[in-house]
Amino acid sequence: MSAAASFRRETPAGVVEGGCAPAFMPVAEEFVRNFTARGEVGASLALTLEGRIMVDLWGGLADPASKRPWQRDTVSIVFSCTKGATALCAHVLSARGKLDIDAPVCALWPEFARHGKDGATTRMMLDHSVAVPVLREKLKPGAFYDWDYMTGRLADETPFWQPGTRNGYHALTFGFTVGEMVRRAAGTSLGSFFQEAIARPLGIDFWIGLPEAEEPRVAPMIVYRAGADEQVTPFLSAALNERGSVPNLMVFNSDGFRERGANSRAGHAAEIGAANGITNGRGLAGLYAPLANGGKLDGVSLVDADTLARMGEVSMATHLDATLMLPTRFALGFMKSMDNRKNAADSSSVILGASAFGHVGAGGSIGFADPACAMSFGYSMNRMGPGIVLNARGQSLVDAAYRCLGYRSNQSGVWAR
């Protein structure tokens, strides 16, 4: 159900159109400002309140090379926003009694117990504390397109710390650790389960493993290139200078997926549960809409109240993430508000409401639910921006949404009324 009124605005980057409820017009204006003042090329944005669509906008260019416009059904890769979809699969299975997230992983995946990982749990996989954030030995070409190869390598990997004792962002491995638990518990692949249990029942245009017939709708990603004067963060310094470190392996032992695979047919067709989900703002907001409304919406029930409450609680927080090298806060498969604005070394942040949980994607996409105000939110784009977490384009939209709901300030590190 939609409460949005027709919206259309011409910008130098192209037409912005769709619908926006009058109460959320400041959100639409910020979306337009992204095109006129912040370098947006093509993007989509959606927001629901109590399950009703309040904002549904898209605009700009899907492909600057061909001048193809971003249309209502344009989709793009949303990188780590995929983690939220993968995590939700695990929680749905948990709510159905098919997956105990606190049981040892080896009960379903015996091989994972190797090299001191016998005490690892799915909870640790979800909150990035399971201690296999990267792989030490060089990956073969096309590694992320070979599920059995990746799960086999992860089962045989020695943990970087005792599982559960600290956390470090599992940028790409998350999709294969949590994803393998989903596969074993569901008896079908991650992408298939996501379609059958979540995407189709909700009627959302969201894929982990894109069918070839959908390929013409995909907007290619424009990779962000850092300028020579850009700040060298602790993460970047370690990645460039500390051979064998977790940041170094994350950047240089990833088979160039973000640079090459993200715009390839093979990269879209694979099931990479940490990084290759393909959707748009509407799909992201639609994914989280039930989670903003008690776990069910329009006759579709995903999780029970207890599971939903557990999903949004902080499970791991640290002043020094072993991968990202900055403070992070994670729920079970989801990011929580992370305020690093006063961190001189790296101010990368994502500022949400205290009850909100979701995930950002490389370059600035984001999807989340905030049960306290029954809001879900989704933003996707094709021009990647700076920062490890969210950049000014996405945060400006989030900020406008909270202000429209009467929230007063985010100076505490979360949006507060």
Step by step, work out the side-chain contact (heavy atoms from CB on, under 4.5 Å) result for Glu137 and Arg153.
CA-CA 9 Å; Glu137 298 300 319; Arg153 287 287 305 270; 3.3 Å; yes
Could you pull out every donor-acceptor pair under 3.5 Å between side chains of residues 71-79 and any protein atom, sequence neighbours left out?
residue: Thr74; atom: OG1; partner: Gln71; partner atom: N; Å: 2.8
residue: Thr74; atom: OG1; partner: Gln71; partner atom: O; Å: 3.4

Any heavy-atom pair between the side chains of Val27 and Leu45 that's under 4.5 Å?
yes
Any sub-3.5 Å donor-acceptor pair from Thr86's side-chain atoms to Gly179's backbone N or O?
no
Taking the side chain as every heavy atom from C-beta outward, state whether Leu405 and Leu49 have any atom pair closer than 4.5 Å.
yes
Approximate separation, where rounding is to 0.5 Å, of Trp415 CH2 and Asn410 CG
4.5 Å
Less than 6.0 angstrom separating the ring centers of Tyr288 and Phe368, yes or no?
no
Quick one, Thr318 and Thr328 - any side-chain contact, counting heavy atoms below 4.5 Å?
yes
Looking at side-chain heavy atoms only, is the closest gap between Leu332 and Phe357 below 4.5 Å?
no
When you measure from the side chain of His359 to the backbone N and O of Met335, does any donor-acceptor pair fall under 3.5 Å?
no
Give the ring-plane orientation class for Phe176 versus Phe144, where under 30° counts as parallel, over 60° as perpendicular and anything between as tilted.
parallel
Tell me whether Arg166 contacts the main-chain N or O of Leu320 through its side chain, where contact means a donor paired with an acceptor under 3.5 Å.
yes
Is the closest side-chain heavy-atom distance between Val178 and Met181 below 4.5 Å?
no
Rounding to 0.5 Å, atoms CD1 (Ile272) and OG1 (Thr173) come to a distance of 12.5 Å
Counting N and O atoms only, with roles assigned by atom type, does the side chain of Ser129 sit under 3.5 Å from a partner on the main chain of Asn167, one being a donor and the other an acceptor?
no
Does the pair Asn391 and Met384 meet the rule for a side-chain contact (heavy atoms from CB on, under 4.5 Å), with working shown?
CA-CA 9 Å; Asn391 60 54; Met384 299 173 69; over 6 Å; no
From the list Val130, Val105, Thr177, side-chain contact (heavy atoms from CB on, under 4.5 Å) with Met124 holds only for Val130
From Ser315 atom OG to Phe334 atom CZ, the distance as rounded to the nearest 0.5 Å
12.0 Å
Residue pair Tyr402 / Ile351, side-chain heavy-atom distance below 4.5 Å
no
pair Val300-Pro290: side-chain heavy atoms closer than 4.5 Å
no
Check: Gln231 side chain, Ala345 main-chain N or O, donor-acceptor pair, under 3.5 Å:
yes
Roughly how far, to the nearest 0.5 Å, is the CZ atom of Arg282 from the OG1 atom of Thr48?
12.5 Å
When you measure from the side chain of Arg393 to the backbone N and O of Glu40, does any donor-acceptor pair fall under 3.5 Å?
no
Using side-chain heavy atoms (C-beta onward) and a distance below 4.5 Å, is Asp370 in contact with Leu352?
no
Are the side chain of Asn293 and the backbone N or O of Ala289 linked by a donor-acceptor pair below 3.5 Å?
yes
CG (Asp127) and OG1 (Thr122) are apart, to the nearest 0.5 Å, by 11.0 Å
Between Asn276 (side chain) and Gly267 (backbone), is there a donor-acceptor pair under 3.5 Å?
yes
Taking it one step at a time, do Glu29 and Arg403 satisfy salt bridge (charged side-chain N to carboxylate O under 4.0 Å, His left out)?
CA-CA 13 Å; Glu29 296 296 345; Arg403 289 192 185 101; over 6 Å; no
Look only at the side chain of Ser80 and the backbone of Lys83, and say whether a donor-acceptor pair between them is shorter than 3.5 Å.
no
Using the ring of Phe160 (Phe, Tyr or Trp, six-membered ring only), decide whether Arg136 places NZ or CZ under 6.0 Å from its centre and within 45 degrees of its axis.
yes
Using only atom types and a distance under 3.5 Å, with no angle test, would you say the side chain of Tyr149 pairs donor to acceptor with the backbone of Lys140?
yes
Are a donor atom and an acceptor atom from the side chains of Ser396 and Arg38 found within less than 3.5 Å of each other?
yes
Please tell me whether Thr36 and Thr11 have a donor and an acceptor in their side chains that are separated by less than 3.5 angstrom.
no
Can you classify the ring geometry of Trp109 versus Phe112 as parallel (below 30°), tilted (30 to 60°) or perpendicular (above 60°)?
tilted
